[in-house]
Protein chains: 2
Amino acid sequence: MDNEARKLREYEQRLRDAGVRITRPRRAILQILSQGADHPDAMELFRRALAIDPTISLSTVYRTMKLLEDKGEIQRHAFAGGPARFEQAAGEHHDHLIDIDTGDVIEFHSERIEQLQDEIAHKLGYDIVHHRFELYGRKRKKK
Amino acid sequence: MDNEARKLREYEQRLRDAGVRITRPRRAILQILSQGADHPDAMELFRRALAIDPTISLSTVYRTMKLLEDKGEIQRHAFAGGPARFEQAAGEHHDHLIDIDTGDVIEFHSERIEQLQDEIAHKLGYDIVHHRFELYGRKRKKK
DNA sequence: ATGCAAATGCAAATCGTTTGCAACTGGAAA
DNA sequence: TTTCCAGTTGCAAACGATTTGCATTTGCAT
């Protein structure tokens, strides 16, 4: 049950089917995405990718993330005051809580919030195209 | 009832009390803030300020916005994919719905959403320091 | 194997914003 | 009301994140 290798193969398959060439740098990035489920930024992806393919360039990381975003394979987030961070698109919709001390990202989902959003937008005469709901907080000290 | 002039005087008073020098460029910016209740970005503020004080510089606009933010007179927002936009801090807390076609900003407030946020953060073991809740939508066509 | 459009690395450009520095100016003190 | 100087300014250069032009490679369909 090599989950990581399976994920990688699935990425490649879906992209090939979409007419995307699987190049060396792209494979490196897909491999990284297959590994973890965290929220790295471009520079971090670049660092990890260098370990796999020492000739990859930062621009290719950016170009590849743009491509993967267009293909719906990843999501791009712009959390407050930092570079864009990416995550696999797989999985259901969720929002984020960002630990302002560590930068850690915690995912959560609330059906009631989704409902409320629609309600509010509707009341204002709008249809929601997308939203951004981010909580910035600090770990509660157990007193 | 010159509301605008009154607002300006109040801004100046509060800032003086906080030990802030009221300079020519700052007065120009305060005057602009006193006028409207929209959400201009730095460049737009710069343009409007030039009409009042033709010698003002863009860096001073940025420096002044930072100062006003620190003093709690304005709030800074970074809506998706654009420059920072500012608004007067006066008034109660609210969130934003951004018209993705026009860039218009509509303010709204939902007590239930505020509650839910606290609930969620608490459940995750966090205290909320601030949050970002933005809806991006498009005016509903009456069919 | 071959050919070529697509993808790459590199460096330079871009955008929004911040900063170093020398000149200038509020406004408190005299 | 003048003096004084720390705070403020304009300018240009620096900045961080991201994008782009271009000459050179490289997938991969043939």
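Protein chains get the first letters and strands the later ones, always in sequence-line order, with residue 1 at the start of each.
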B:Ile106 CD1 to B:Leu97 CG distance, which is reported to the nearest 0.5 Å
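The CD1 atom of B:Ile106 sits 5.0 Å away from the CG atom of B:Leu97.
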
Considering all heavy atoms, the nearest A:Arg76-A:Ala84 contact
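In this case the closest contact between A:Arg76 and A:Ala84 is CG-CB, 3.9 Å.
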
Between A:Asp41 and A:Pro83, which heavy-atom pair has the shortest distance, and what is it?
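For A:Asp41 versus A:Pro83, the nearest heavy atoms are OD2-CG, 3.5 Å.
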
Upstream residue (5' side of DNA chain C) when B:Tyr62 and A:Arg24 are each assigned their closest nucleotide
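Of the two residues, A:Arg24 wins.
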
Closest to the [X] side chain: [options]?
X	options	answer
B:Arg26	D:dG10, C:dG27, D:dT9	D:dT9
B:Pro25	C:dT25, C:dT17, D:dG10	D:dG10
B:Thr23	D:dT18, D:dT8, D:dG10	D:dT8
B:Pro83	C:dG9, C:dG16, D:dG10	C:dG16
A:Ser59	D:dG10, D:dT20, C:dT8	D:dT20

For DNA chain D, what residues of residues 73-81 of chain B have any heavy atom nearer than 4.0 Å?
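Those residues whose heavy atoms fall under 4.0 Å from DNA chain D, taken from residues 73-81 of chain B, amount to none.
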
Check DNA chain C for consecutive Watson-Crick or G-U pairs with both distances under 3.5 Å and list the runs of at least three as stems.
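DNA chain C forms these stems: C:1-12 with D:19-30, C:17-30 with D:1-14.
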
In whole angstroms, how far is the [atom2] atom of [N] from the [atom1] atom of [X]?
X	N	atom1	atom2	result
B:Ile56	D:dC11	CD1	P	11 Å
A:Met65	C:dT8	CE	C1'	17 Å
B:Glu69	C:dT17	CD	P	11 Å
B:Leu58	D:dA13	CG	C1'	14 Å
A:Phe46	D:dG16	CZ	P	16 Å
B:Met43	C:dT17	CE	P	9 Å

The test is side-chain hydrogen bond (donor to acceptor under 3.5 Å, both in side chains); show your working for A:Glu107 and A:His96 and say whether it passes.
CA-CA 5 Å; A:Glu107 305 178 349; A:His96 300 91; 4.5 Å; no

Need one value for B:Arg16: base, sugar-phosphate or nothing, where a base atom within 4.0 Å counts as base even if backbone is also close, heavy atoms only.
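Sugar-phosphate contact only - B:Arg16 comes under 4.0 Å of backbone atoms but never of a base.
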
Does B:Phe46 have B:Arg48 sitting over its ring (NZ/CZ under 6.0 Å from centre, angle to axis within 45°)?
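Pair B:Arg48/B:Phe46 does not count as cation-pi.
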
For the pair B:Glu134 and A:Glu134, evaluate side-chain contact (heavy atoms from CB on, under 4.5 Å) and give the outcome as yes or no after the intermediate values.
CA-CA 9 Å; B:Glu134 295 156 14; A:Glu134 295 157 13; over 6 Å; no

Intermediate values then yes/no, salt bridge (charged side-chain N to carboxylate O under 4.0 Å, His left out), B:Arg138 and A:Asp127
CA-CA 5 Å; B:Arg138 158 171 297 143; A:Asp127 290 322; over 6 Å; no

Between B:Arg47 and B:Glu44 (salt bridge meaning N to carboxylate O under 4.0 Å), is one present in this structure?
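Salt bridge: yes.
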
Distance-only donor-acceptor test, B:Arg63 side-chain atoms vs D:dG10 base atoms, 3.5 Å
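Side chain to base: pair present.
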
Polar pair under 3.5 Å, donor/acceptor by atom type, side chain B:Arg21, base D:dA6
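Per atom types, the contact qualifies.
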
Can you list the steps and then say if A:His39 with A:Phe86 is a side-chain contact (heavy atoms from CB on, under 4.5 Å)?
CA-CA 5 Å; A:His39 301 68; A:Phe86 307 91; over 6 Å; no

For B:Phe108 and B:His94, what are the C-alpha separation, side-chain angles and deciding distance, and is it a side-chain contact (heavy atoms from CB on, under 4.5 Å)?
CA-CA 5 Å; B:Phe108 66 85; B:His94 56 255; over 6 Å; no

